[in-house]
Amino acid sequence: MERGSSHRDDHLVAELCEWLGDIGLASYAPHFLEEGYDDLALLASLTDKEVDDMFRHIGEQMKVLPGHRVKMKKHLDKLKLRGDLQSSAKFELKPVLEGIESVGDGTLVAS
């Protein structure tokens with residue numbers, strides 16, 4: 001896939017953009033996407049060297065402020081500790097779960 005490809009999972013992109021907004025770095029979102037960093041699970045899996053490479057690539061498009069780099073690394077470390085970012089599976093399950101309800105004993109039944 002080439003840079004800036006439109007073959008993205010909209011849910012993953014929205015999750016990334018929301019995360020960047022939550023940590024006060026929303027202005028970087030277009031640059032992350034342009035470089036193909038469009039998935040929080042991917043960001044959470046990056047090694048320190050890969051994070052440095054990511055900043056170098058993004059830095060070719062815009063100035064990455066040193067304080068923002070530190071802030072981003074600290075929040076990436078928190079993502080890594082969460083351990084619940086694997087894929088878009090959580091979004092794919094939602095339609096499957098629609099129309100299912102739990103009865104008193106915890107059994108799931110179609111409603």
Side-chain angles (χ1 to χ4, degrees):
M1 195 180 323
E2 62 187 70
R3 262 189 207 183
S5 174
S6 61
H7 296 61
R8 293 193 177 108
D9 183 319
D10 290 340
H11 295 293
L12 296 178
V13 170
E15 185 178 43
L16 172 71
C17 292
E18 180 180 349
W19 179 76
L20 286 168
D22 288 348
I23 64 172
L25 300 175
S27 63
Y28 289 88
H31 307 289
F32 272 72
L33 299 175
E34 180 66 28
E35 292 299 327
Y37 298 102
D38 56 4
D39 179 343
L40 275 182
L42 170 67
L43 291 181
S45 72
L46 296 177
T47 65
D48 287 342
K49 182 187 180 320
E50 290 169 328
V51 170
D52 290 339
D53 289 344
M54 175 186 71
F55 283 123
R56 185 173 41 80
H57 292 293
I58 291 171
E60 292 171 1
Q61 299 177 39
M62 71 179 290
K63 181 177 180 180
V64 179
L65 299 174
H68 288 175
R69 183 183 299 251
V70 170
K71 185 178 193 178
M72 179 76 65
K73 282 188 173 188
K74 288 185 181 294
H75 283 280
L76 284 173
D77 288 343
K78 288 179 185 178
L79 274 182
K80 290 176 184 184
L81 292 174
R82 272 181 40 189
D84 63 350
L85 297 170
Q86 295 178 13
S87 70
S88 62
K90 63 184 173 189
F91 299 108
E92 295 165 5
L93 287 177
K94 186 176 178 185
V96 173
L97 296 176
E98 287 177 7
I100 296 177
E101 61 184 41
S102 177
V103 292
D105 63 357
T107 304
L108 298 177
V109 295
S111 53

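The basis for the numbers below is simple: all heavy atoms, side chains too, and nothing from hydrogens, waters or symmetry mates. The chain is numbered in sequence order, starting from 1.
- Here the CH2 atom belonging to Trp19 is positioned 7.5 Å from the NE2 atom belonging to His75, to the nearest 0.5 angstrom.
- One distance of note links CG of Leu76 with CD1 of Ile23; it measures 7.0 Å at 0.5 Å rounding.
- The closest side-chain heavy-atom distance from Val13 to Leu33 is below 4.5 Å.
- Across Ala26 and Pro30, no two heavy atoms sit closer than the pair O-CD, 4.0 Å.
- Between Asp52 and Lys73, the closest side-chain pair of non-hydrogen atoms falls below 4.5 Å.
- Here the shortest heavy-atom pairing between Phe55 and Met72 reads CZ-CG, 3.4 Å.
- Taking CD of Glu18 as the start and NE2 of His11 as the end, the distance is 13.0 Å to the nearest 0.5 Å.
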TODO: Before giving the answer on side chain to side chain contact (heavy atoms under 4.5 Å, CB included), spell out for Arg69 and Val51 the whole-Å C-alpha distance, their side-chain angles and the decisive distance to 0.1 Å.
DONE: CA-CA 10 Å; Arg69 183 183 299 251; Val51 170; over 6 Å; no

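- Atom CE of Met62 sits about 4.5 Å away from atom NE2 of His31, to the nearest 0.5 Å.
- At most 12 heavy atoms of other shown residues, nucleotides or ligands fall within 6.0 angstrom of atom CG in Asp48.
- Rounding to the nearest 0.5 Å gives a distance of 11.0 Å between CG of Asp53 and CD of Glu35.
- For the pair Leu16 and Leu42, the minimum side-chain heavy-atom distance is 4.5 Å or more.
- Between the Lys80 side chain and the Leu46 main chain, a donor and an acceptor come within less than 3.5 Å of each other.
- Within the 4.5 Å cutoff, the side chain of Met54 has heavy atoms near those of the Phe32 side chain.
- Across Ala29 and Leu20, no two heavy atoms sit closer than the pair CA-CD1, 3.6 Å.
- The shortest side-chain heavy-atom distance between Glu34 and Ile58 does not fall under the 4.5 Å cut-off.
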